[in-house]
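Shown next, in structure tokens, is the structure this report addresses.
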Amino acid sequence: MSELFDRYAAEMAGAAAYDEMFTPEQRLRPAYEQIGQVLDALSLGDVHARADSMARSFLDRGVNFDFAGEERPFPLDIVPRVIPAEEWAVIERGVVQRVRALECFLDDVHGDQRVVADGIVPRSLITSSAHFHRAVWGFRPAGGVRIHVAGIDVIRDQQGVFRVLEDNVRVPSGVSYVIENRRAMTKGLPEAFMSRSIRAVEAYPRHLYRALRATAPEAAEDPVVVVLTPGVFNSAYFEHALLAGLMGVELVEGRDLVVRGDRVYMRTTDGEQRVDVIYKRIDDEFLDPLHFRPDSVLGCSGLVNAARAGNVTIANAVGNGVADDKLTYSYVPDLIRYYLDEEPVLPNVDTYRLEEPEARAWVLEHLDELVVKPVDGSGGKGLVIGSTATAAELEELRAKVLADPRGWIAQPVLQLSTVPTFADGGFGPRHVDLRPFAVNSGDGVYVLPGGLTRVAMQKGSLIVNSSQGGGSKDTWVLGQPQTQDLDPGREPPADVDGTVHTWPVSASWQDEGDTGQEQQQQQQAPAAGPGKGAPC
């Protein structure tokens, strides 16, 4: 390899992590051979220039994120994360399986709670969750789907095994960076696209739009979809605007909506227009001041009543946070067996439930060896890595755990896999995770090929969250793409081979039929039906 990798072997030798690009013998893994050849031809000045160009592109397009109260361009590294087709097939099956099981679980806990009666989970798991809302207990959403969009965080451990780190089925974010990363990389490293079959990512908005329409109330002949945003000051506002634009739907704030007679309307310059599906990008607590926070001005009064009446679909469904709870995460392998009668495709990370006295006692004796997380935390906030914490921080953590054992879980410190990342004038190994995105239409689950690879930009850091200073990588899934990756509903043009696609994407797909969607749903449909415990 070039001089850019002069220090890589030494840094890699000092870490216990699985490296995605190099074997322990410093040989390129087959999936990265083309990337290695391209990088070998670049000088340090070339890499700097291309990295600066990609950063300027993000700045020009407003691809920003909030870091310590400051808006910054989202860091995109020039080396992609490459996943071979056979490895992606495992991840994809595992994500689909997990979404199906959690869909069944959420339907169950908001209804008969057979999972409790059969002794799979304790009732306290549900009733003590901060996100179990009695306002939505006892009814099924219009369209029958609760998890329209899921972001399942996956890591690779020291042995190279993919494991699920957490589930995000409330308001998962980050897919805009997947789309924008690919756009930037086609300009930042175009040579690497020339001889590899890389599955496309720009079909995601089409799958999302069709899934939202498919789950609209039955009475809606031509469903109207909107994206509900908290507003321009939200850290993910760029994503809200991007998805609304690519789907060709209105981006609205709470003040743009009104509920009359348990029906939702959108205020427009031509008068009020009926709304059938709301893709909400705000937390449940701010959605409806009649049922949740009365001081919220982000949502609209009456939305929950309209949903209960079956007149509007809210995606993702209110109450999904019960499945986001990290204590629930520890039960997901059991939920897969219970609802689907299958073994988990992707294992969990070993997890200690601190509400259990024996586990709590052991964890409190080994705090300096573990990662301890709040069950309702997000963005890396609140977690404590024992090996890097001070004595005072560990004592503070001990007091918090004893005061609220239900509020915490503990896991071993895993050395997340590494990928070469340009930093400090050369390439060094940096830890990464992966967030695949899944779209559920009710008839099938589509998984976006690749997802968001987040990278810890600091040497040795395990914190990949953008809010904590992390960046991202374009994620390449190798292998011949399916027709659905291009556009569910039509064949690609004769002069397009479907390997790499350019930007922007035409919005003409909106008016086409759903035959491609039906083919995709049949392909993704599970081979085995739900298990004996399944209410769905």
Side-chain angles (χ1 to χ4, degrees), residues 97-140 146-147 150 152 163-170 284-285 316-344 346-365 370-378 382-383 397-398 400-412 530-536:
Q97 181 190 61
R98 208 155 176 110
V99 171
R100 290 169 53 218
L102 290 174
E103 182 75 38
C104 291
F105 172 71
L106 287 169
D107 195 65
D108 192 10
V109 300
H110 288 96
D112 296 336
Q113 298 191 359
R114 293 169 57 185
V115 70
V116 173
D118 289 342
I120 307 303
V121 302
R123 187 177 301 276
S124 61
L125 172 71
I126 301 165
T127 58
S128 63
S129 173
H131 304 290
F132 178 63
H133 302 307
R134 299 184 185 278
V136 293
W137 184 84
F139 88 103
R140 297 198 73 203
R146 297 178 186 272
I147 304 173
I152 308 298
R163 295 179 179 272
V164 174
L165 186 63
E166 65 179 53
D167 305 292
N168 300 279
V169 295
R170 274 185 295 170
D284 292 349
E285 290 76 10
N316 284 349
V318 178
N320 277 16
V322 178
D324 258 15
D325 191 307
K326 291 181 176 61
L327 187 58
T328 300
Y329 158 89
S330 70
Y331 288 94
V332 172
D334 295 326
L335 299 180
I336 291 172
R337 298 181 185 101
Y338 177 69
Y339 290 115
L340 307 182
D341 195 24
E342 300 171 359
E343 284 300 311
L346 296 174
N348 274 16
V349 174
D350 294 339
T351 303
Y352 299 93
R353 302 166 186 156
L354 299 191
E355 64 175 359
E356 298 176 355
E358 186 175 342
R360 182 169 65 250
W362 188 89
V363 166
L364 291 176
E365 291 180 1
L370 301 166
V371 177
V372 183
K373 303 177 180 180
V375 297
D376 59 353
S378 62
L383 72 80
L397 174 62
R398 182 186 304 274
K400 290 180 178 179
V401 169
L402 289 172
D404 180 24
R406 164 63 173 86
W408 300 85
I409 62 167
Q411 296 173 332
K532 62 180 180 181
C536 56

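Because the structure is predicted, anything quoted here is derived from the model rather than measured.
- Under the salt bridge (Lys or Arg N to Asp or Glu O under 4.0 Å) criterion, R398 pairs with E395, not counting sequence neighbours.
- R406 is linked by a side chain to side chain donor-acceptor pair (under 3.5 Å) to S128, D325, counting only residues two or more places apart in sequence or in another chain.
- With a 4.5 Å cut-off on side-chain heavy atoms, L125 and L327 count as touching.
- When the side chain to side chain contact (heavy atoms under 4.5 Å, CB included) test is applied to P333, the partners found at least two apart in sequence or on another chain are R337, P344, N348.
- Applying the ring pair (Phe, Tyr, Trp, His ring centres under 6.0 Å) rule to Y329 yields no partners; only residues at least two apart in sequence or on another chain are considered.
- For R353 and Y331, the positive end sits near the middle of the six-membered ring, less than 6.0 Å away and at most 45° from its axis.
- The shortest non-hydrogen separation linking V169 to N320 is O-ND2, 3.0 Å.
- Residues T328 and V121 fail the side-chain proximity criterion, which asks for heavy atoms closer than 4.5 Å.
- Nearest approach of D324 to D167, heavy atoms of both residues: OD1-O, 2.9 Å.
- The shortest heavy-atom contact between L102 and A323 is CD2-CB, 4.0 Å.
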Exercise. Check step by step if side-chain contact (heavy atoms from CB on, under 4.5 Å) holds for W362 and L370.
Key: CA-CA 11 Å; W362 188 89; L370 301 166; 3.8 Å; yes
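- The nearest pair of heavy atoms linking V109 to Q113 is O-NE2, 3.0 Å.
- The CD atom of E355 sits 8.0 Å away from the OG atom of S330 when rounded to the nearest 0.5 Å.
- Put simply, CG on L383 and CH2 on W408 are 9.0 Å apart, with the number rounded to the nearest 0.5 Å.
- A pairwise comparison of heavy atoms in D350 and Q411 identifies O-CG, 3.4 Å as the closest pair.
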Which side-chain N or O atoms in residues 130-138 pair as donor and acceptor under 3.5 Å with protein atoms at least two apart or in another chain?
residue, atom, partner, partner atom, Å
H131, NE2, R170, NH1, 3.3

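- Going from atom OG1 of T351 over to atom NZ of K326 covers 11.0 Å, rounded to the nearest 0.5 Å.
- Here the CD-CG distance, from E103 to D107, works out to 7.0 Å after rounding to the nearest 0.5 Å.
- With hydrogens and angles disregarded, a donor-acceptor distance shorter than 3.5 Å links the side chain of D108 to the backbone of R114.
- Of all heavy-atom pairs spanning L340 and R100, the tightest one is CD2-NH2, 3.5 Å.
- With sequence neighbours left out, the side chain to side chain donor-acceptor pair (under 3.5 Å) criterion links R360 to no other residue.
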